[in-house]
Amino acid sequence: QVQLVESGGGLVQAGGSLRLSCAASGRTFSIYTMGWFRQAPGKEREFVARMNWSGGITFYADSVKGRFTISRYNANTAYLQMNRLKPEDTAVYYCAVGEVAGNRPNDFGSWGRGTQVTVSS
């Protein structure tokens, strides 16, 4: 099992930036994919971005492409850099890891508790 802790959320004005961090511990050697998802009130959890943990290949949702960047800092830490934020980016953001490639929540076996991002207009 992998334990994940997100940090870096907060309140920001539209057009601003935030960087989310995800710290992993436990069986990190089993990680194949690390991803970020978000869930707004009353909506389903949606894919934001993911990366292959070893090779750095990245994938993004169309809604964030060109504004968000997923990256790996070291063996246990990943980032989600969010620029040019919009009010519709407001959500709880979750990091997740999985042993297979995919963009669906079911492709990820371990989840953090989430961090709130609020973008004011």
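- Between the SG atom in Cys95 and the CZ atom in Arg113 there is a gap of 12.5 Å [rounded to 0.5 Å].
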Fill in: Test log, rule side chain to side chain contact (heavy atoms under 4.5 Å, CB included), inputs Phe68 and Leu80
CA-CA 7 Å; Phe68 290 11; Leu80 183 68; 4.2 Å; yes
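- Surrounding CD of Glu99 are at most 12 heavy atoms belonging to other residues, nucleotides or ligands under 6.0 Å away.
- Side-chain atoms of Arg84 come within 3.5 Å of backbone N or O of Gly66 as a donor-acceptor pair.
- Nearest heavy atoms, Ala101 versus Arg50: CB-NH1, 4.0 Å.
- Under a hydrophobic-cluster definition in which Ile, Leu, Val, Met, Phe, Trp and Tyr are linked whenever side-chain heavy atoms come within less than 4.5 Å, directly or via other members, Leu4 and Tyr79 are assigned to different clusters.
- Although no hydrogens or angles enter the test, the distance criterion places no donor-acceptor pair under 3.5 Å between the side chain of Thr118 and the main chain of Leu11.
- Using modelled atom types, no side-chain atom of Glu6 and backbone atom of Cys22 make a donor-acceptor pair closer than 3.5 Å.
- Using a 4.5 Å heavy-atom cutoff, the side chains of Val117 and Met82 are in contact.
- Atoms CD and CD, on Gln39 and Glu46 in that order, are 9.5 Å from each other to the nearest 0.5 Å.
- Using a cut-off of 4.0 Å between Lys/Arg side-chain N and Asp/Glu carboxylate O, Asp107 and Arg104 are scored as salt-bridged.
- Geometrically, Arg72 engages Trp53 in a cation-pi contact defined by less than 6.0 Å to the ring centre and at most 45° from the axis.
- Scanning both residues, Pro87 and Ser121, for their nearest heavy atoms gives CG-CB, 3.8 Å.
- The two residues Met34 and Ala78 make their nearest non-hydrogen contact at SD-CB, 2.9 Å.
- Distance check, rounded to the nearest 0.5 Å: CG of Leu85 to CD of Gln13 gives 11.5 Å.
- Side-chain atoms of Ser30 come within 3.5 Å of backbone N or O of Arg27 as a donor-acceptor pair.
- The two residues Ser63 and Arg38 have their closest heavy-atom pair at OG-NH2, 3.5 Å.
- When all heavy atoms are compared, the tightest approach of Ile70 to Tyr60 is N-OH, 2.9 Å.
- In the hydrophobic clustering, where aliphatic and aromatic side chains (Ile, Leu, Val, Met, Phe, Trp, Tyr) are joined below 4.5 Å either directly or transitively, Phe37 groups with Phe47, Ile57, Phe59, Val92, Tyr94, Phe108, Trp111.
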Item to complete: Report the C-alpha separation of Asp62 and Lys65 in whole Å, then their side-chain angles, then the decisive distance to 0.1 Å, and conclude whether the salt bridge (charged side-chain N to carboxylate O under 4.0 Å, His left out) test is met.
Response: CA-CA 5 Å; Asp62 288 343; Lys65 202 172 293 183; 3.1 Å; yes
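- The distance from atom CG of Asn83 to atom CG of Leu18, rounded to the nearest 0.5 Å, is 9.5 Å.
- Contact record, Ala24 with Ile31: CB-CD1, 4.4 Å, taken as the closest heavy-atom pair.
- The backbone N or O of Asn76 sits less than 3.5 Å from a side-chain atom of Asn74, completing a donor-acceptor pair.
- In this structure, Thr115 OG1 and Tyr93 OH are separated by 10.5 Å, a value rounded to the nearest 0.5 Å.
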Worksheet entry | Candidate pair Ser17 and Gln81, rule side chain to side chain contact (heavy atoms under 4.5 Å, CB included), full reasoning | CA-CA 8 Å; Ser17 298; Gln81 177 68 42; 4.0 Å; yes
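- Thr33 places a side-chain N or O within 3.5 Å of a backbone atom of Val100 that can act as its donor or acceptor partner.
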